[in-house]
Structures are given as structure tokens and as C-alpha cells.
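Here's the structure we're looking at; comments come further down.
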Amino acid sequence: MTNTDTSIQTKIYHTVSCVPKGTVSSYGQIADLAGLPGRARAVGYWLKRTPQNLVLPWHRVLRADGKIAFPPGSETFIEQRNRLIDEGVAVKYNRVELDKFGWKPDLSVLLHQLYY
DNA sequence: CGGCTGACCCTCG
DNA sequence: ACGAGGGCCAGCC
């Protein structure tokens, strides 16, 4: 990625890759950090069509209320839940407590976003 | 250009 | 805590 590449897709992918293991973010938070306020739906859109060969911690992105965005019991729901639990994130049914596991970006991340 | 669709989000009851 | 309703916006017809 270069600083001349300002495509929405690239911004979103880069920001998602910044979410640390063992923490969770939300579609809206990713959009905000990527400099795309109000475009949470776009985050979902690009995550959905993320190719398998691209390694992204997509499972760390939840809805604003901490819920997994997929229908409970679905294939993707179960995979996301399992991945989170493997990282030590407590998932109660379909929800994560954001007070405990919500990502608080450090200053270096915030400053980095200013360059894009 | 118009009309959907969606891994969204906020407010309100 | 939960659902409905309205707003939102990128892609894709």
C-alpha cells in the first residue's frame, strides 16, 4: 500500500489489519479510523468479498453493540465465534463485552491515519 | 440516472 | 434488552 492509494478498499483493509489479537472493533470504528466516517456498511461490503488468500483478522470486527453480525448458527457465525474464543475473547452466545475487549487504538495508530 | 441490496448505526418506545 | 424505523452509502444492475 502506498500513500497515493486512497481507495476505500485499501484503507479499510489496512485499518482492519491494525486490530490487535485478543481485542475487537466494530464496522463503524474501522470506518472512522480509516477516515471514512459514516461508511460502516462499506466496511461490511469489502470484508464480505475479502479473498481467502488475503490474511485479515476479519473475525475481530463486530457490530457497534458487540454482537456478531451473522445469523446465529450459520457457518460464518460459528467460525467467527471460534476464532475469537481461540484468542481469549469471551463470547456470550453472540455478543462480546466491549468494555473488556473493545480495541482502544494507541496514539501511533491514530497518527498513522493522518497520513492517508 | 433510478432502484435495489447489505458482515451498519442511531434513536426511541 | 429487544425490535422497529429511518438514515446511511458503495456497488451493482
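Below, each value reflects all heavy atoms present in this structure, side chains not excepted, and no hydrogens, waters or symmetry copies. Just so you know, these numbers come straight off a predicted model, no measurement behind them. Chain identifiers are assigned alphabetically (A, B, ...) following the order of the sequence lines, protein sequences preceding nucleic acid strands; residue numbering begins at 1 within each chain.
- A:I85 meets the side chain to side chain contact (heavy atoms under 4.5 Å, CB included) test with A:R81, A:V91; sequence neighbours excluded.
- When the side chain to side chain contact (heavy atoms under 4.5 Å, CB included) test is applied to A:D99, no partner is found at least two apart in sequence or on another chain.
- A:T76 pairs by the side chain to side chain contact (heavy atoms under 4.5 Å, CB included) definition with A:F70, A:S74, not counting sequence neighbours.
- Atoms CZ (A:R39) and C1' (C:dG7) sit 15 Å apart, rounded to a whole Å.
- For A:R95, a side-chain nitrogen or oxygen approaches OP1 or OP2 of C:dC2 to under 4.0 Å.
- Looking at residues two or more places apart in sequence or on another chain, you find a side chain to side chain contact (heavy atoms under 4.5 Å, CB included) between A:T15 and A:I30, A:L33, A:A34, A:Q113.
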statement: B/S/- along nucleotides 4-13 of chain B (protein heavy atoms under 4.0 Å) is --BBBSS---
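- Separation of the C1' atoms belonging to B:dT5 and C:dC8 is 13 Å when rounded to the nearest angstrom.
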Determine all donor-acceptor pairs shorter than 3.5 Å in which one atom belongs to a side chain in residues 40-51 of chain A; sequence neighbours excluded.
{"unit_1": "A:T50", "atom_1": "OG1", "unit_2": "A:Y13", "atom_2": "OH", "d": "3.4"}
{"unit_1": "A:T50", "atom_1": "OG1", "unit_2": "A:W46", "atom_2": "O", "d": "3.0"}
{"unit_1": "A:T50", "atom_1": "OG1", "unit_2": "A:L47", "atom_2": "O", "d": "2.9"}

